[in-house]
Amino acid sequence: MTRPVLVPILGDQLSRSLSSLDGLTPENTRILMMEVWDEATYVKHHKQKIVLIFAAMRHFAEELRAEGWQVDYVRLDDPANTGSFTGEVARAVERHAPSEVRVTESGEWRVAQAMCEWEGRFPCPVSILADTRFIATHADFRAFADGRKHLTMEYFYREMRRKTGLLMEGDKPTSGVWNLDAENREPPKEGLKAPPTPKFTPDAITQEVIALVGARFPDHFGDLEPFGWPVTRAEALEAAEAFFARRLALFGPYQDAMLHREDDLYHSMLSTSLNIGLLTPLELCQRAEAEYRAGRAPLNSVEGFIRQIIGWREYVRGFYWHQMPGLAEANELKAHRPLPDFFWTGETDMRCLADCIRTTREDAHAHHIQRLMVLGNFCLIAGIDPRAVADWYLAVYADAFEWVELPNVAGMVLYADGGRLATKPYAASGNYINKMSNYCGGCRYKVAQKTGPNACPFNPLYWHFMDANRLALESNHRIGRIYATWDRMGAAKQREYLESAEKFLDSLVPAREGWARHTEGREPC
Ligand code: FAD
Ligand code: DLZ
Ligand code: SF4
């Protein structure tokens, strides 16, 4: 018998188009999938994220077996489970004496580092292949980034449009305009109600995983049930079709809107399926373009959706690999305040934050503007430590993988990278939230009040942040003129702002240790 090729498939590699399977047949291949403690706990992921990954992995393994592939599937509770990728690949190498270990590159730096050691460790060659599900290669991003000080997404996005041919007429963008973002900033209308996102009833496989996660990860953040995320490609395709048929047309205009307890609005809710590989970015964008070409969705919505995927999503992935490992430690604004406890409990009188944390707890999801302009903006202007913020985002969202989470947190939200990703910090006072949401009406704080105990905390925090970071920000042409307004206020008004902010910051209770990461080291299986 010939020695098989051993193909480890990780929990975010659940795609039949995976590069490591390319050219192989079931006869000469042994696939390895492994539920491991290290991955389930490197941060204390939201319970629904662990259910999503394990359930999707188990379904994918079943689908592969049904096609005739031989799959070694190591369950979390397998007594011999070593708890790590490297340990499980080592065991599989012993079992099968493969001619080669062939794996698609990891999405995260941490795992990529571990994979680099496999070659020296195993008695057979190890091939680490490019992840061809992404549109931009690492070389594409390097070619874009080399020699640029600011890595403005817009120029990268145009290259991706040219590379894919999406919304292009020859070498020109459809309608002559690359980016229709200016048309996509409608505040929410009173009573706006989007068609619901499909939720999928857990089958027996998923129910078994739900029970496992409930038993093994009881102290992780978030509600375990109801669980309704797509866990198979068929379910993900159904969710995508529902989005294209019922929500894409209004995706653009209401992309930045926020409504109390209207959690999904017109967003696609497809990031989990994309990030674990049930859907590919190109197929979704081509499908969205077809809606435009058929006259069923306007260009501003379709271009906006495609930009999020071949623009932002591809860009942050390139940015991550270009900037790591330094990005994980970056703290340009020297922010050191601990994350407030209410990020975990949701217990705050700030109605906007309470609602965003509620949806995060209930669904392991919050939409982009909630993540950026409410949760992220608060962390920025309150000066929260970037490591603590990144740990929180990585733990609480079902779609969170470091390659996409960290550039958004350190770059887009916190300006911790010194402005390589965003040209200015997205700092905003309560005014922005009031304009784009219905949160403020029901809040105990008054958004129009600038200082004092009843003032919206975003108002004094905004000026406190500007004042504290003047040295770093004043020379930025997109933000510098704000200091003229600050200077015009006069010393007494400035003092009021700063004192209000300090009082508020002093009232914050730091999060207890152990919410995001296990404090007592690795737990036994
Ligand atoms: P839609 O609004 O329908 O957008 C369509 C798709 O575009 C998304 O599914 C996603 O794949 C992509 N996309 C949109 N914005 C971004 C972006 N800024 N970066 C990368 N891709 C984007 N997204 C993640 O997938 N994982 C994360 O861990 C993550 N962390 C974030 C942290 C912060 C601080 C911020 C501001 C954003 C983060 N995002 C992350 C981006 C974005 O918030 C989510 O992709 C989006 O909310 C997912 O919901 P959706 O599928 O309904 O997105
Ligand atoms: C996120 C995650 C979790 C919770 N558990 C597993 C697991 O047990 N097995 C697995 O193969 N993958 C898991 N993942 C996804 C990995 O963390 C992800 O594949 C790596 O971080 C590389 O991006
Ligand atoms: Fe949030 Fe301020 Fe509005 Fe309250 S008043 S909901 S704290 S922005």
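Note: hydrogens, waters and symmetry copies are ignored here, and every other heavy atom, side chains too, is used. Predicted model, so just to flag it, every value in this text is computed and none were measured. Each ligand, and each atom within it, is numbered from 1 in the order the structure gives.
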Run the salt-bridge test on Glu62 and Arg58 with the 4.0 Å N-O cut-off and return the result as yes or no. no
Ligand-residue contact atoms, ligand 1 with Met412, heavy atoms, under 4.0 Å: 18 (N)
Atom 3 (Fe) of ligand 3 and Cys440: any N/O/S contact shorter than 2.8 Å? yes
Ligand 1 contacted by Arg317 (non-hydrogen, < 4.0 Å): no
How far is atom 7 (O) of ligand 1 from its nearest protein heavy atom, and which residue and atom is that? Gln308 CB, 3.1 Å
In the protein, what heavy atom is nearest to atom 12 (N) of ligand 2, and what distance, to one decimal place, separates them? Gly11 N, 3.2 Å
Under 4.0 Å to a heavy atom of Ser106 - the qualifying atoms of ligand 2, by number: 22 (C)
Nitrogen or oxygen atoms of His367 and ligand 1 under 3.5 Å apart: no
For ligand 2, which atoms have a heavy atom of Phe85 less than 4.0 angstrom away? 9 (N), 10 (C), 11 (O), 12 (N)
Specify the closest pair of heavy atoms between Trp392 and Leu339, including all atoms of both residues, with the distance to one decimal. CD1-CD2, 3.7 Å
Ser271 to ligand 1: N or O pair under 3.5 Å? yes
Report whether any nitrogen, oxygen or sulfur of Cys456 sits less than 2.8 Å from atom 1 (Fe) of ligand 3 (N, O or S, backbone or side chain). no
Proximity winner for atom 13 (C) of ligand 2, if only heavy atoms of Glu39, Glu88, Glu402 are counted: Glu39
Going by heavy-atom distance to atom 7 (C) of ligand 2, choose the closest among Arg110, Met34, Glu105, Lys49. Met34
Examine His45 against ligand 2 and note whether any of their N/O atoms are separated by less than 3.5 Å. no
Check ligand 2 against Gly107 and write out every atom of the ligand that is under 4.0 Å from a heavy-atom position of the residue. 22 (C), 23 (O)
Check each of Phe134, Tyr320, Trp321, Tyr315 against Trp403 using the ring pair (Phe, Tyr, Trp, His ring centres under 6.0 Å) test, and report the only one that passes. Phe134
Just to be sure I'm reading this right: ignoring hydrogens, which of Leu10, Ile53, Leu52 gets closest to atom 1 (C) of ligand 2? Compare them by their nearest heavy atoms. Ile53
